[in-house]
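As structure tokens, the structure follows; a few thoughts come after it.
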Amino acid sequence: MNKHLQQLVDLSKIDKEIDSFEPKIEEANHKYETVLATKESIEKQISTLEEEIKAEELKKQKNELHLAELTTKLSENAKKSAEIKTEREMKSLQLEEEIAKEQVNFANEEIARLEKVIDTKKELIEAQASAIKEAEEKTVKIKEEVDAVLEGINAERQKVFVKKDKLISAMNQKGLSFYQKIRRWAKNTTAVPVKNQACYGCFLTINDKTYSDVIKGEEITTCPHCGRILYIDNDEEQTA
């Protein structure tokens, strides 16, 4: 394999190694984002419960106000009963009292129900507060773990970048431009091996002439089907 072809093959392998770091970074970040999302979900649930409690307390206040008004009305009706002169007035007053008493009972029941609802939601908030404390502790721990993993990945990636820069500095610009043009669409399959006389980029069989050129490795040979750079690997070379 001539020098320029070897450089292109090496560059392709280095680029593939560089790209392999991305899934590792995404995996590490996903782990942190997942635990962070859990924490944010709990915070949102607490916020929703707090808003619901405010709404229930407002309803309770309205019922308490209405209850106070009804109590005042019943007290006033009791005073009016002493001034009643006709049976019609008495029946009218009794009807008002019955309606008021029903409303008082309903208001008391509603206040009791709302208090129970409020207490239940407060208990849920207490439970969620405990959960969010655990989530916060876990978030800090995972963040430290992820930072350590990312630091290690970046250190390894930096070494590969140095290796790539060193290789590129030794390459001629024409060969590099040719490689970059193919890589734009072929990505990590810019340079691929030939096995069993087939391109391992498109997996189509190449003709005898092209296969012979690849085996010789004297020139840069591309696949006649897909245009990728072809090279022969060690096992294939021995077989050939």
Side-chain angles (χ1 to χ4, degrees), residues 1-38 138-139 141-240:
M1 187 183 298
N2 74 31
K3 175 184 175 182
H4 298 304
L5 176 58
Q6 185 65 61
Q7 288 174 332
L8 295 179
V9 172
D10 291 343
L11 181 57
S12 178
K13 291 178 179 178
I14 289 173
D15 278 334
K16 188 174 182 179
E17 186 177 358
I18 290 172
D19 289 347
S20 71
F21 288 115
E22 289 304 320
K24 296 176 183 177
I25 293 172
E26 288 177 7
E27 182 182 354
N29 285 327
H30 178 69
K31 188 176 182 181
Y32 174 67
E33 288 165 2
T34 299
V35 70
L36 190 62
T38 301
K138 190 174 182 180
T139 300
K141 183 180 178 181
I142 295 297
K143 183 68 167 61
E144 291 175 352
E145 291 176 0
V146 169
D147 286 345
V149 170
L150 291 177
E151 186 178 350
I153 291 173
N154 286 328
E156 290 179 25
R157 188 167 60 170
Q158 191 58 40
K159 291 178 182 178
V160 180
F161 276 127
V162 170
K163 187 165 62 172
K164 179 178 178 178
D165 289 341
K166 184 177 180 181
L167 177 59
I168 288 176
S169 65
M171 295 175 65
N172 65 67
Q173 287 302 309
K174 185 177 179 180
L176 180 60
S177 297
F178 177 67
Y179 169 85
Q180 291 172 335
K181 183 179 179 180
I182 299 173
R183 179 169 166 75
R184 274 196 289 270
W185 60 267
K187 306 301 180 185
N188 285 327
T189 60
T190 301
V192 294
V194 172
K195 295 182 180 180
N196 299 321
Q197 203 170 331
C199 165
Y200 258 52
C202 63
F203 300 99
L204 295 177
T205 301
I206 59 176
N207 58 53
D208 293 341
K209 171 66 169 61
T210 303
Y211 186 45
S212 177
D213 291 339
V214 174
I215 292 172
K216 291 177 182 176
E218 295 174 354
E219 301 291 338
I220 296 172
T221 305
T222 57
C223 175
H225 305 295
C226 66
R228 290 177 172 86
I229 299 168
L230 301 177
Y231 67 92
I232 201 83
D233 64 12
N234 293 333
D235 293 337
E236 187 75 14
E237 190 172 5
Q238 290 174 7
T239 302

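Just so you know, these numbers use all the heavy atoms, side chains as well, and skip hydrogens, waters and symmetry mates.
- A heavy-atom distance below 4.5 Å is found between the side chains of C199 and L230.
- Once rounded to the nearest 0.5 Å, the distance linking CD of E17 with NZ of K163 reads 4.5 Å.
- Salt bridge absent: K3 and D10 never bring a charged side-chain N and a carboxylate O closer than 4.0 Å.
- Contact check for P224 versus T210: side-chain heavy atoms found under the 4.5 Å cut-off.
- To the nearest 0.5 Å, the span separating CZ on F161 from CG on D165 amounts to 8.5 Å.
- With T190 contributing its side chain and A186 its backbone, the two residues share no donor-acceptor pair below 3.5 Å.
- Across Y32 and V146, no two heavy atoms sit closer than the pair CB-CG2, 3.9 Å.
- Taking OG1 of T189 as the start and CZ of R228 as the end, the distance is 3.5 Å to the nearest 0.5 Å.
- Under the 4.5 Å side-chain criterion, counting only non-hydrogen atoms from C-beta, R157 is in contact with I25.
- Residue pairs meeting the ring-ring contact (aromatic ring centres under 6.0 Å, His included) criterion with at least one partner in residues 173-202, sequence neighbours excluded, are Y200-F203.
- Between L8 and H4 the shortest side-chain heavy-atom distance does not fall below 4.5 Å.
- Judged purely by atom type and a 3.5 angstrom limit, T221 has no side-chain atom pairing as donor or acceptor with the backbone of G217.
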Would you please test V194 and Y231 for side-chain contact (heavy atoms from CB on, under 4.5 Å) and show each step?
CA-CA 6 Å; V194 172; Y231 67 92; over 6 Å; no
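- Expressed to the nearest 0.5 Å, how far CG of N154 lies from CD of E156 amounts to 9.5 Å.
- Of the possible polar contacts, one joining the N2 side chain to the E218 backbone as a donor-acceptor pair under 3.5 Å is found.
- Rounding to the nearest 0.5 Å gives a distance of 9.0 Å between CG of L176 and CG of L167.
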Walk me through it: do L5 and E219 pass the test side-chain contact (heavy atoms from CB on, under 4.5 Å)?
CA-CA 7 Å; L5 176 58; E219 301 291 338; over 6 Å; no
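- Looking at heavy atoms from C-beta onward, N188 lies in side-chain contact with R183 at the 4.5 angstrom threshold.
- Here K31 pairs with E145 under the salt bridge (Lys or Arg N to Asp or Glu O under 4.0 Å) rule; sequence neighbours left out.
- Judged by distance alone, the side chains of N207 and Q197 never bring a donor and an acceptor atom under 3.5 Å apart.
- Side chain of N196 to main chain of A198: no donor-acceptor pair is present (N/O by atom type, distance under 3.5 Å, no hydrogens or angles).
- Closest non-hydrogen pair, V149 versus A28, comes out as CG1-CB, 4.1 Å.
- Within the model, atoms NZ of K138 and OG1 of T34 stand 9.5 Å from one another, a figure rounded to the nearest 0.5 Å.
- Looking at V160 and F21, their side chains come closer than 4.5 Å, going by heavy atoms from C-beta outward.
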